[in-house]
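Each chain gets a letter, A, B and so on, in the order its sequence line appears, and its residues count up from 1. Remember, predicted model here, so these are calculated numbers, not experimental data.
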Protein chains: 2
Amino acid sequence: MLELVPQAYTRVDEAFDCLQTAIVKGDLIPGEKIGEVELCSRFHLTRGPLREALGRLESRGLLIRRPHAGVKVVSVSADELIELYRIRELMEGLAARQAAERMTDAEIAALRATLDTHETMIEQAQGQAYYQAEGDYDFHHRIATGSRNTKLTQMLLGDLYYMVRMYRYRLSTSSGRPHMALGEHRNIVDAIASRDGELAEFLMKRHIHAARKNIEQKIRDGELTI
Amino acid sequence: MLELVPQAYTRVDEAFDCLQTAIVKGDLIPGEKIGEVELCSRFHLTRGPLREALGRLESRGLLIRRPHAGVKVVSVSADELIELYRIRELMEGLAARQAAERMTDAEIAALRATLDTHETMIEQAQGQAYYQAEGDYDFHHRIATGSRNTKLTQMLLGDLYYMVRMYRYRLSTSSGRPHMALGEHRNIVDAIASRDGELAEFLMKRHIHAARKNIEQKIRDGELTI
DNA sequence: ATCACACGGATTGTCAACAATCCTTCAGTA
DNA sequence: TACTGAAGGATTGTTGACAATCCGTGTGAT
């Protein structure tokens, strides 16, 4: 009855995924002007689907398109990265609060399981920031959807996380403090499990605030150049 | 030298504007399934630009597109409207804080002028919610851009305000408390002018919180049915 | 030597036809 | 009568060619 179809995967989606990962992983260099035909040959696409995908990427803020002039991957400043974390602090705080009120017990259990695999990843892949970052991404992703707040989820997954992931790859560093972050994650889940929305919001805000301070420090020390 | 070109207006932009206002003003009924060819004939477009515009509208959350099945204007629940205001409360609070730190004196003067015209609008167009809503929109728009926070501006102008305007037209009501709202706006501008970011954030959050409570009350009273 | 202007090449925007997919309708059967 | 199944029509997805616009180069003048 409620079939939930695999949601036909079209060329536009294909193009979007290709370009998105290319941007996030840094295969497409920021600031570089790049033509549509070159993109087509490089990713084996035709211009129709490509153009629609470019439009979607533009509304997500990953690239800029000037009419008759071509596309450019966004080049981002250190300030803008900081601003991004300021926004995350607020929105993910709200997400955590609502997740505490609305997540099912099954979802919370799955969230805990995620943290366990994350822990083993940290131990095994020592220093491999990539996998750590993906685990972190997964954690925040689950809380966003768990908030059951349509628009909030859409904005977090559709706008902010792409950006954050892009920075992560470029700077080739996770938050740089994996063990501490994991502990903070566990505290947040505990707050959610005990249905304490206020505490969950507080902890999440502090968690992201700490991540921001960490980045600001690295920038001051010259470890991160953008 | 720094010419600031009128930024070539292409058919895609035309299509996007047409559809966006049609959705916001309610010419396109939510939930109604509508074909591409019909949209083309109705707005004098061809399918190429139309499809790109549809993609942009989809990422902005104004309509939903299922592959091979057509497009549908989003139908929105009362709960989702409330959620929207929760998000606004946080994000516009941050915008107000940063606007207080970063707006130029000229921008602040222009903001004050906006409020003056808004006041005359309220007196003249008594009860004409439409113009009141536009004035209110203008006010929040200026503060968003004044924050100088690229991503924040993009999310407010690109995601939330379209939604809010859509609801306003559909419910054919502004906040319903124009005089009080105007007073609150003036207080916010005063805080910005005295460069008190903390106060500006507080006042903005309270302003939107009040608007939300107002809407919740109306929904409870059955004045608003969505 | 520097600046302004025009021309050509290249690139993007637009269009109309073709192919792939889905939804509805209409039988047929339990 | 209600439900399953398939076929047809309609709609969307895709493609390639055409038209409009911009950028870089080269020439000329100041």
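S77(A) places a side-chain N or O within donor-acceptor distance of the main-chain N or O of E80(A), the cut-off being under 3.5 Å. A donor-acceptor pair under 3.5 Å is formed between the side chain of E107(A) and the backbone N or O of T104(A). A donor-acceptor distance shorter than 3.5 angstrom exists from the side chain of R102(A) to the backbone of S147(A), with no hydrogens or angles considered.
A salt bridge does not link E52(B) with R56(B): every distance from a Lys NZ or Arg NE/NH1/NH2 to an Asp or Glu carboxylate oxygen is 4.0 Å or more.
In this structure the side chain of D159(A) reaches within 4.5 angstrom of the side chain of K151(B), judged on heavy atoms. Side-chain contact check for D136(A) versus H185(A): some heavy-atom pair is nearer than 4.5 Å.
Considering only side-chain atoms of H68(B), the nucleotide from dC22(D), dC22(C), dT14(C) that sits closest is dC22(C). For A69(A), counting side-chain heavy atoms from C-beta on, the closest listed nucleotide (dC22(C), dC22(D), dG13(D)) is dC22(D). Among the nucleotides dG13(C), dT14(D), dC23(D), the one closest to any side-chain atom of R66(A) is dC23(D).
If you measure from atom CD of E38(B) to atom C1' of dT12(D), you get 15 Å, rounded to the nearest angstrom. In this structure, the CD atom of E14(A) is 12 Å from the C1' atom of dT14(D), given to the nearest Å. For the pair R11(B) CZ and dA16(C) P, the computed distance is 10 Å after rounding to whole Å. Look at CZ on R65(B): it is 15 Å from P on dC22(C), rounded to the nearest Å. When rounded to the nearest whole Å, the span between CD of E36(A) and P of dT14(C) equals 11 Å. Taking atom NZ on K72(A) and atom P on dC23(D), their separation rounds to 12 Å, with Å as the unit. The distance between atom NZ of K33(A) and atom P of dC23(D), rounded to the nearest whole Å, is 9 Å.
Annotation for A144(B) and T153(B): closest pair O-OG1, 3.1 Å, computed over non-hydrogen atoms. Across E58(B) and I64(B), no two heavy atoms sit closer than the pair OE2-C, 4.5 Å.
Between the side chains of E201(B) and Q98(B), no donor-acceptor pair of N or O atoms lies under 3.5 Å.
Rounded to 10°, the angle separating the first-five-pair axis and the last-five-pair axis of the helix from dA1(C)-dT30(D) to dA30(C)-dT1(D) equals 30°.
Residues from residues 40-52 of chain B with heavy atoms under 4.0 angstrom of DNA chain D, sorted by number: R47(B), R51(B).
Put simply, T10(A) has a side-chain N or O that comes within less than 4.0 Å of OP1 or OP2 on dT14(D).
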